[in-house]
Novice: 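Below: one structure in structure tokens.
This chain uses plain numbering: 1 for the first residue, then up along the sequence. Atoms within each ligand, like the ligands themselves, are counted from 1 in listed order. Computed over heavy atoms, backbone and side chain alike; hydrogens, waters and symmetry mates excluded.
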Amino acid sequence: MEKLVSDGLSRGSVVPETYIFPGEQRPNTVRTCESIPVVDLQGGSEDEVVREILKAGKEYGFFQVINHGIPEDLVNDMISVAQEFFEMPAENKACYYSEDPRKEPRLFTGQGYGKELSLYWRDCFIISAYPVAKFEHLFPEKPDNLKEIMSKFAPEAKGLAARLLRLISIGLGLEEDYLTGNRSGGPVKMVFNYYPRCPDPSLTLGLPKHCDPNLITLLLQGKVSGLQVLHDDRWVSVDPLPNAFVVNFGLLFEVVTNGLLKAVEHRAVTNHSLARTSIALPIRSADALLSKDNNPPLYGSFLFPEFFKIFATKKTDDKEIMMEDFRIKG
Ligand SMILES: O=C(O)CCC(=O)C(=O)O
Ligand SMILES: [Fe+2]
């Protein structure tokens, strides 16, 4: 358990060698004069909201969604209790710690990819959360109210994901339930990320540059900034907004839309004075998906489990290399 960043390293005053990223990957300049688009779900007619989502998706691959209807107290409680989970004494978390990716729920840390294998300044807890009735027996008993808050939060978040997928389907000219139902209706996991305070954020990364393999990801990032999105070859910081979810398109969505809505690279930087907790909800697909435009197909057809198996073995942050096995070579 001393392996967890939250259980020791963050209390030290130097960054251990294994966590130092090579120079070219370290966080450097960030564009602060710009931010990713904000979509107000109550800010106009359905057509207007659909247009804004599609525009944000095409330009940035990311947007923040506000006025989504999930109560602010519930969202704040979810982040706070997730942070409390990581900040519990080691003995309360030990039963979840595992280095076996098949174990669930699972608490783990470090882990690197890329040739250099620098370790991430992040602890992570992954748990299936929805449908609640199927998984609640796995929800941690401690902190005391975690079970209750997760049980309320997971269906709300799943509902928001379904609402967004419906709007996106409309925007793409598909039937409105094209992306919901069987195509995204499987169980939903919650990924709790914890980035403890770091003695020198200029040397470390909580998460290095990556694309998500999902259809879409919903992310709560609490009040501490740290998420950065690659836009026009520069990193843009995603400023936390009260009661907002960050939404981004994953690699699977890029395939489904034949490259129209792109999976954009992002990363998480660390913070010198504050720990940061984020919660990701990867919305995946249980079904085969086919793109429906008139352009020549860029990708072959495949089932999600097949895609994810290959994705998980690719030790790279390079999107082109990651997708090469799925691309139709012309
Ligand atoms: O913590 C964050 O802001 C980013 C998390 C993320 O990118 C992920 O979980 O895939
Ligand atoms: Fe991500």
Novice: Can you tell me if N214 uses its side chain to pair, donor with acceptor, with the backbone of N248 under 3.5 Å?
Specialist: no
Novice: Does a donor on one side chain and an acceptor on the other come within less than 3.5 Å for D212 and T217?
Specialist: yes
Novice: Could you tell me the angle subtended at the Fe ion (ligand 2) by NE2 of H210 and OD1 of D212, rounded to 10°?
Specialist: 90°
Novice: Judged by modelled atom types alone, do S237 and S225 share a side-chain donor-acceptor pair under 3.5 Å?
Specialist: no
Novice: Would you say H231 and V264 make side-chain contact, with heavy atoms under 4.5 Å?
Specialist: no
Novice: Under 4.5 Å between any side-chain heavy atoms of L160 and L41, yes or no?
Specialist: yes
Novice: Under 6.0 Å from the NZ atom of K223, do we count more than 12 heavy atoms belonging to anything else shown?
Specialist: no
Novice: Mind listing the N or O contacts between ligand 1 and protein, cut-off under 3.5 Å?
Specialist:
residue: ligand 1; atom: 1 (O); partner: Y195; partner atom: OH; Å: 2.6
residue: ligand 1; atom: 1 (O); partner: R276; partner atom: NH1; Å: 3.2
residue: ligand 1; atom: 1 (O); partner: S278; partner atom: OG; Å: 2.7
residue: ligand 1; atom: 3 (O); partner: R276; partner atom: NH1; Å: 3.3
residue: ligand 1; atom: 3 (O); partner: R276; partner atom: NH2; Å: 2.8
residue: ligand 1; atom: 7 (O); partner: H210; partner atom: NE2; Å: 3.1
residue: ligand 1; atom: 7 (O); partner: H266; partner atom: NE2; Å: 3.1
residue: ligand 1; atom: 9 (O); partner: N193; partner atom: ND2; Å: 3.2
residue: ligand 1; atom: 10 (O); partner: H210; partner atom: NE2; Å: 3.2
residue: ligand 1; atom: 10 (O); partner: D212; partner atom: OD1; Å: 3.2

